[in-house]
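First comes the structure, then the notes that go with it.
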Amino acid sequence: MKVSPSLLSANFANLTPDIEMLNNSEADYLHLDVMDGVFVPNISFGFPVLKAVSKICEKPLDVHLMIIEPEKWISQVRDLGAEYMNVHQEACLHLHSTVSRIHDAGMKAAVTLNPSTPVSLLSDIITDVDMVLLMSVNPGFGGQKFIANTLKKVRELRQLIAESGSQALIEIDGGVNAQTGKQLAEVGADILVAGSYVFGASNPEERINLLKNL
């Protein structure tokens, strides 16, 4: 299992120690949730913070844009050195075009689905994306309870990937802990995003290791 701790749950008053902890941990990525207060009912952080973080983070960046018109920010995300640029299906009027432009910018393209968005909507683009992120909570706030129906969606997505020949990875974001992580691993998830479960722990590296070994 790969693990992508979410900066959203880190200590915003002093991010450096948390990022240094991640650098020394077994985490595979740093997940960056960018919120605009329009697409989701919250505002997180913008590119000045992302640029500062990118300079000290040694893990690949997994940038999740919970914003309207994410295609406007492709060059800025590329300039961060991001490995993944992750956009919401619900926020992209021309999703195939956005995915193509992300690839043209030299990044891997990921598409996110909200809890109420069916997996079937990705059937025409699944072979073009490198990762699909299923939200297992409603986007906008950390610390929410895991939505159990996500397990069914992972199974459906795993079947779609297999039938299409896609190489896309499956990432899950929201309510991830040891229990839900184990369930997600059993149904075929590849990457777990964990926020409060990691950064709220007295030993966050231990939590990362636990998720890694599910």
Side-chain angles (χ1 to χ4, degrees), residues 1-35 40 42 44-45 49-50 53-54 56-66 82-86 88 108 110-115 130-151 153-154 157-158 168-214:
M1 182 64 69
K2 294 184 177 181
V3 181
S4 187
S6 172
L7 190 74
L8 192 63
S9 296
N11 179 8
F12 279 20
N14 190 4
L15 290 174
T16 300
D18 283 342
I19 295 171
E20 290 177 345
M21 178 276 295
L22 289 180
N23 287 343
N24 295 318
S25 76
E26 293 188 38
D28 298 279
Y29 305 98
L30 173 60
H31 191 82
L32 299 167
D33 290 303
V34 181
M35 305 177 184
V40 292
N42 201 0
S44 56
F45 39 74
V49 172
L50 294 177
V53 168
S54 69
I56 59 175
C57 183
E58 298 171 6
K59 301 293 183 178
L61 302 181
D62 172 18
V63 181
H64 178 193
L65 298 182
M66 301 188 216
E83 179 166 328
Y84 283 99
M85 178 170 169
N86 202 323
H88 272 256
K108 294 178 181 177
V111 174
T112 301
L113 298 182
N114 281 337
D130 302 289
M131 180 166 71
V132 175
L133 170 56
L134 297 179
M135 292 300 302
S136 44
V137 298
N138 290 296
F141 297 93
Q144 297 181 60
K145 184 179 178 181
F146 180 81
I147 297 174
N149 188 60
T150 307
L151 299 173
K153 291 182 72 173
V154 175
L157 179 56
R158 180 54 65 198
L169 299 177
I170 299 176
E171 184 175 49
I172 310 297
D173 184 0
V176 169
N177 55 37
Q179 179 182 358
T180 58
K182 184 175 185 296
Q183 294 173 317
L184 289 163
E186 290 172 349
V187 294
D190 299 299
I191 306 173
L192 299 178
V193 177
S196 54
Y197 181 70
V198 169
F199 289 105
S202 57
N203 189 339
E205 289 188 61
E206 185 176 67
R207 291 281 176 89
I208 292 170
N209 293 343
L210 189 155
L211 294 175
K212 282 280 292 181
N213 290 291
L214 290 175

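As a basis for the values below, the full set of heavy atoms in this structure was taken, side chains included, without hydrogen atoms, waters or symmetry mates. The chain is numbered in sequence order, starting from 1.
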Any donor and acceptor pair, going by atom type alone, linking the side chain of [X] with main-chain N or O of [Y] inside 3.5 Å?
X: Asn24; Y: Glu20; answer: yes
X: Ser9; Y: Ser196; answer: yes
X: Ser44; Y: Met35; answer: yes
X: Asp130; Y: Lys108; answer: no
X: Asp18; Y: Asn11; answer: yes
X: Ser6; Y: Ala194; answer: no
X: Asn23; Y: Ile56; answer: yes

Legend entry - Asp62 side chain to His64 side chain, donor-acceptor N/O pair below 3.5 angstrom: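 Their side chains do not contain a donor-acceptor pair, so the 3.5 Å distance test is not met.
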
Legend entry - Other residues, nucleotides, ligands: >12 heavy atoms within 6.0 Å of Glu206 CD: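 Counting neighbours around CD of Glu206, 12 or fewer heavy atoms of other residues, nucleotides or ligands fall under 6.0 Å, so no.
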
Legend entry - Distance, nearest 0.5 Å, that separates CE of Met131 from OH of Tyr84: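 Here the rounded value is 5.0 Å.
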
Inset, instruction - Kindly compute the distance separating CD1 (Ile19) from CG (Leu7), expressed to the nearest 0.5 Å. - result: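 Reported value, rounded in 0.5 Å steps: 5.5 Å.
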
Legend entry - Lys59 versus Ala27, closest heavy-atom pair with distance: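 Where Lys59 meets Ala27 most closely, the heavy atoms are NZ-O, 2.9 Å.
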
Inset, instruction - List the atom of Pro5, the atom of Leu22, and the distance in Å for their closest heavy-atom pair. - result: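 Taking every non-hydrogen atom into account, CG-CD2, 3.5 Å.
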
Inset, instruction - Scan Ile147, Ile172, Leu113, Asn114 and name whichever one has a side chain to side chain contact (heavy atoms under 4.5 Å, CB included) with Met135. - result: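 Exactly one pass, corresponding to Asn114.
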
Inset, instruction - Kindly write out the residues that satisfy side-chain contact (heavy atoms from CB on, under 4.5 Å) with Leu214, not counting sequence neighbours, or none if the list is empty. - result: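 Expected list: Lys182, Ala185, Leu192, Leu210, Leu211.
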
Inset, instruction - Can you sort out the partners of Asp28 under side-chain contact (heavy atoms from CB on, under 4.5 Å), two or more places apart, ordered by chain and number? - result: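 Counting only residues at least two positions away or on another chain, Asp28 forms a side-chain contact (heavy atoms from CB on, under 4.5 Å) with Lys2, Val3, Lys212.
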
Legend entry - Audit row: Val49, Leu15, side-chain contact (heavy atoms from CB on, under 4.5 Å) steps and yes/no: CA-CA 10 Å; Val49 172; Leu15 290 174; 4.3 Å; yes

